Amino acid sequence: MGEGDKRPDRLRVAVLGCGSVGSQVVRLLTEQAGDLEARVGAPVELVGVAVRRLDAAREVDVPADLLTTDAAGLVTRDDVDLVVEVIGGIEPARSLILSALDHGASVVTANKALLAEDGPTLFEAAEKADRDLYYEAAVAGAIPILRPLRESLAGDKVTRVLGIVNGTTNFILDKMDTSGAGFSEALEEAQELGYAEADPTADVEGFDAAAKAAILASLAFHSRVTAADVYREGISEVTAGDIASAREMGSVVKLLAICELRDDQVAVRVHPAMIPRSHPLASVREAYNAVFVESEAAGQLMFYGPGAGGSPTASAVLGDLVTVARNRLARTRGAGESAYADRAVLPMGETRTRYHVALDVDDRSGVLAAVATAFADQGVSIQTVRQEGRGADAQLVVVSHAATDAALSATVEHLRTMDIVRDVTSVMRVEGGDE
Ligand code: HSE
């Protein structure tokens with residue numbers, strides 16, 4: 001904080017956006033004003049709420065004199081100490097946050113897309129302004145995961161983060177697993193129940209999870225990782241056959257955000273994967289989220305809870321708000337960005353993965369040997385093979401040991417061209433077991 005900063009007698013808060021999260025932030029700020037004052041050490045006062053339309057229907061009653069359509073004017077008001085940004089998207093959110101910091105406000109945001117795309121610009125602006133920029137709500141809604149990575153595990157070495165960080169896709173995959181439904185049918189049900197948007201692309205194609213993976217990897221590995229560094233595959237190609245194949249192996253399919261430290265490089269990817277039903281992440285059902293963290297000293301930790309929704313996300317926003325308000329009163333700020341390690345990002349082809357491959361093949365001598373040779377030719381070691389005869393053909397299910405993703409995908413490409421292979425019916429990466 002600058003020399004000239006005075007200890008404020010109250011903390012004045014501006015909220016940008018009054019949708020499902022913003023309205024719950026406003027509700028909590030109002031309903032819990034007494035507790036917040038006691039916890040912060042000074043009154044926390046809502047001084048403005050920026051909205052797109054003054055007459056829109058809202059989940060919460062906002063006094064008319066607090067509503068404004070002039071967000072840019074609100075964040076530059078001299079009497080605003082803290083700005084909560086819950087508009088989402090890149091612009092105007094980025095300009096508003098930068099302007100708020102520049103005008104001396106501390107910022108709490110839930111904006112994963114912006115942080116994943118342009119986090120460094122925001123962190124540098126916060127550093128320059130000597131203000132806080134907190135964003136617990138940007139990843140996995142109500143689940144405290146960023147603060148544990150940033151603070152609780154600051155003395156440890158995190159080696160791996162495996163997350164189910166998108167509730168929509170977890171709901172769809174869980175529905176496919178429990179009912180045998182195909183992807184489209186499960187998506188339709190998710191839309192009917194309000195778990196999926198009318199345009200589900202950001203969720204089902206993994207963009208939302210990739211943004212969260214970038215944020216998790218940056219914090220876990222003290223290095224800058226943006227959404228562009230994240231390998232991404234969604235779940236729209238996952239079939240009922242893949243789910244059944246996973247079930248036969250005692251596994252379940254999840255969309256995972258995987259952040260790993262490999263030879264001091266960072267590997268970050270989002271894709272569907274089979275994990276054993278015995279893995280703690282397999283028990284994460286419906287639209288819940290969970291983040292599984294492996295670190296050298298602590299071992300394995302799992303953080304679980306609601307990853308979306310107005311009220312859960314507002315809980316995380318308010319937690320940040322209390323911390324930032326306390327810092328403001330103490331004329332200090334929390335830890336800023338930690339990117340000292342400056343690690344390279346490992347390309348997906350060089351990342352070590354395991355594959356599950358199901359094939360329909362001719363059932364005659366030499367077929368198994370030929371399939372095994374296709375793996376061996378790429379230097380891929382086979383962990384298990386299961387064969388089921390079906391008259392003149394057979395189904396072969398091969399699970400590999402870990403190899404580079406490039407070697408595994410080249411193996412599958414080769415299998416697809418072989419005469420003895422009638423069809424490659426399922427290809428999926430495998431996580432959470434022995435390599
Ligand atoms: N759409 C996200 C999900 C929530 O389904 O988890 C917001 O990130």
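Keep in mind the model is a prediction, meaning the values are calculated, not measured. Start at 1 and go down the list; that is how both ligands and their atoms are numbered. Position 1 is the first residue of the sequence, and the numbers go up from there.
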In terms of heavy-atom contacts, does CG of Asp61 have more than 12 from other residues, nucleotides or ligands at under 6.0 Å? no
Set of ring-ring contact (aromatic ring centres under 6.0 Å, His included) partners for Phe183, sequence neighbours left out: none
Indicate whether the side chain of Asp102 and that of Ser99 have a donor and an acceptor atom separated by less than 3.5 Å. no
Taking all heavy atoms of Thr425 and all of Gln395, pick out the closest pair and write down the distance. OG1-NE2, 4.0 Å
Evaluate the ring planes of His222 and Tyr340, with Trp represented by its six-membered ring, and classify them as parallel (under 30°), tilted (30 to 60°) or perpendicular (over 60°). tilted
Under 4.0 Å from ligand 1, residues with heavy atoms, in chain and number order, are Lys112, Asn166, Gly167, Thr168, Asp203, Asp208, Lys212, Ala308
Can you see whether Tyr134 has Arg147 sitting over its ring - NZ or CZ less than 6.0 Å from the centre and within 45° of the normal? no
